[in-house]
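Worksheet: one structure, shown below.
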Amino acid sequence: MKKGFVFDLDGVITDTAKFHYIAWKNLAKKLGITINETFNETLKGISRMDSLDKILAYGQRENEFTTAEKEALAQKKNDEYVKLLADLSETDLLPGVHDFLVQAKERNIPCSIASASKNAPMILEKLGVLDFFGHIVDPETLKKGKPDPEIFVKAAESINVAPKDAIGFEDAQAGIEGIKAAGMYAVGISATETLKGADFQVTSMTELDIEQLINQ
Ligand code: BG6
Ligand code: MG
């Protein structure tokens, strides 16, 4: 029986992935780089600075900026992203998420967040679900980002659950790989992508049966 749940945030709890895309697309455009949705898939789950590096490499401009300049560019992207989140509220939870969290709480199954986003606490607060989570891994404490398993191992251990007893929920390929490398059961959530390596994939959390999941 599974004993804990580890959730990615962007694309699993709420659809902030679209706002990340808008903010990156606008920044890239100012740099003369055009990104499309296919390229954007490769940014999902990836940290802010790694995403910027990928965009610069995609536009063959990777050697043109100092570290300080890149930090300023990443800050600019984040400023626009945070502005796009201004009206975020409970109505922006993805379908089935609130019900699932309530059911987990009723069964005393602890939940934690494994997100690369430094904005995670603020976003969860705006969505009104902060209290459902026993811990949010601070991405600043990580040696490596997804697809490394570190964030998922930390998230499971933070709620006192061994990774083999935990279920991870992800919308990104890098995340599924990290969950599997951590030795956890991986639930992929995506209506558009086939997530390779996921133990189980659904298009939305409304399709999940919590009893079936925990009795793996
Ligand atoms: C991940 C997103 O959850 O967080 C990425 O999938 C994003 O797209 C990353 O770049 C970092 O987020 P933030 O909010 O710290 O810029
Ligand atoms: Mg995600």
Side-chain angles (χ1 to χ4, degrees), residues 5-28 35-58 70-86 88 92-94 97 111-127 129 133 136-142 144-152 154-155 167-180 184 186-198 201-205:
F5 295 143
V6 172
F7 296 86
D8 173 46
L9 172 69
D10 295 309
V12 169
I13 303 280
T14 184
D15 188 17
T16 36
K18 66 185 177 210
F19 299 129
H20 278 296
Y21 179 47
I22 294 170
W24 279 130
K25 202 178 161 76
N26 289 342
L27 184 86
I35 62 169
N36 59 23
E37 289 195 32
T38 308
F39 174 77
N40 187 54
E41 282 304 313
T42 69
L43 302 181
K44 288 187 177 174
I46 308 296
S47 76
R48 199 180 302 168
M49 279 313 273
D50 287 350
S51 300
L52 177 61
D53 283 338
K54 270 183 179 260
I55 291 168
L56 294 177
Y58 185 70
K70 285 204 292 185
E71 272 163 14
L73 288 172
Q75 183 63 50
K76 206 166 167 184
K77 180 265 173 181
N78 193 55
D79 290 346
E80 179 172 8
Y81 177 62
V82 169
K83 271 191 200 141
L84 292 168
L85 298 179
L88 205 72
D92 294 297
L93 282 170
L94 280 168
V97 172
C111 297
S112 60
I113 293 283
S115 168
S117 176
K118 295 179 191 170
N119 292 298
M122 175 268 281
I123 291 172
L124 290 166
E125 176 141 48
K126 276 178 168 283
L127 294 169
V129 292
F133 299 98
I136 301 168
V137 176
D138 177 357
E140 303 265 26
T141 64
L142 302 172
K144 283 188 176 174
K146 300 172 189 179
D148 191 274
E150 183 183 9
I151 191 168
F152 296 104
K154 277 198 170 155
I167 298 181
F169 299 85
E170 259 290 351
D171 69 315
Q173 189 59 45
I176 295 290
E177 285 162 27
I179 292 172
K180 290 315 295 171
M184 294 162 55
V187 175
I189 303 170
S190 177
T192 54
E193 305 297 309
T194 300
L195 296 165
K196 288 184 227 85
Q201 180 166 345
V202 289
T203 59
S204 128
M205 288 199 68

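Read the numbers this way: they start at 1 and go in the same order the structure lists the ligands and their atoms.
In summary, the atoms of ligand 1 found under 4.0 Å from a heavy atom of N119, numbered by their order in the structure, are 13 (P), 14 (O). Distances below 4.0 Å separate heavy atoms of G45 from the following atoms of ligand 1: 2 (C), 5 (C), 6 (O). Which parts of ligand 1 touch K44 is read off a 4.0 Å heavy-atom cut-off, strictly below it: atoms 6 (O). Within ligand 1, counting atoms from 1 as listed, the ones closer than 4.0 Å to a heavy atom of L43 are 5 (C), 8 (O). Near K118, with a cut-off below 4.0 Å to any heavy atom, the atoms of ligand 1 are 13 (P), 14 (O), 15 (O).
Taking the ring centroids of F169 and F7, they lie under the 6.0 Å cut-off.
The nearest pair of heavy atoms linking I35 to Y21 is O-OH, 3.7 Å.
The nearest heavy-atom contact from the protein to atom 16 (O) of ligand 1 is R48 NE, 2.7 Å. With respect to atom 7 (C) of ligand 1, the closest heavy atom belonging to the protein is I46 O, 3.3 Å.
Between D92 and K126 no salt bridge is recorded (no basic side-chain N to carboxylate O distance below 4.0 Å). Taking a cutoff of 4.0 Å between a charged side-chain nitrogen and a carboxylate oxygen, E41 and K44 qualify as a salt bridge.
In this structure, CG on N78 lies 11.0 Å from CG on L27, to the nearest 0.5 angstrom. We find the CD1-CG distance between I123 and D10 to be 5.5 Å, quoted to the nearest 0.5 Å. Distance check, rounded to the nearest 0.5 Å: CG of D138 to OG of S115 gives 11.0 Å. Taken from CD in Q201 to CD in E193, the straight-line distance is 9.0 Å, to the nearest 0.5 Å. Residue E125 holds its CD atom at 13.0 Å from CG of N119, rounded to the nearest 0.5 Å. One distance of note links CG of D15 with CG of D171; it measures 9.0 Å at 0.5 Å rounding.
By the criterion of a separation under 2.8 Å, the protein N/O/S atoms near the Mg ion (ligand 2) amount to D8 OD2, D10 O, D171 OD1.
Taking only nitrogen or oxygen atoms, main chain and side chain alike, D10 reaches within less than 3.5 Å of ligand 1. Where the criterion is an N or O separation shorter than 3.5 Å, residue side chain and backbone included, W24 fails it with respect to ligand 1. For ligand 1, the polar-atom distance check against S117 finds a nitrogen or oxygen pair separated by under 3.5 Å.
Donor-acceptor pairing under 3.5 Å is lacking for the side chains of E71 and Q75.
Judged by distance alone, with hydrogens and angles left aside, the side-chain atoms of T16 form no donor-acceptor pair with the main-chain N or O of F19 at under 3.5 Å.
For S115, every heavy-atom contact with ligand 1 shorter than 4.0 Å involves the side chain, none the backbone. Using a 4.0 Å cut-off between heavy atoms, S51 contacts ligand 1 through its side chain alone, with no backbone atom that close.
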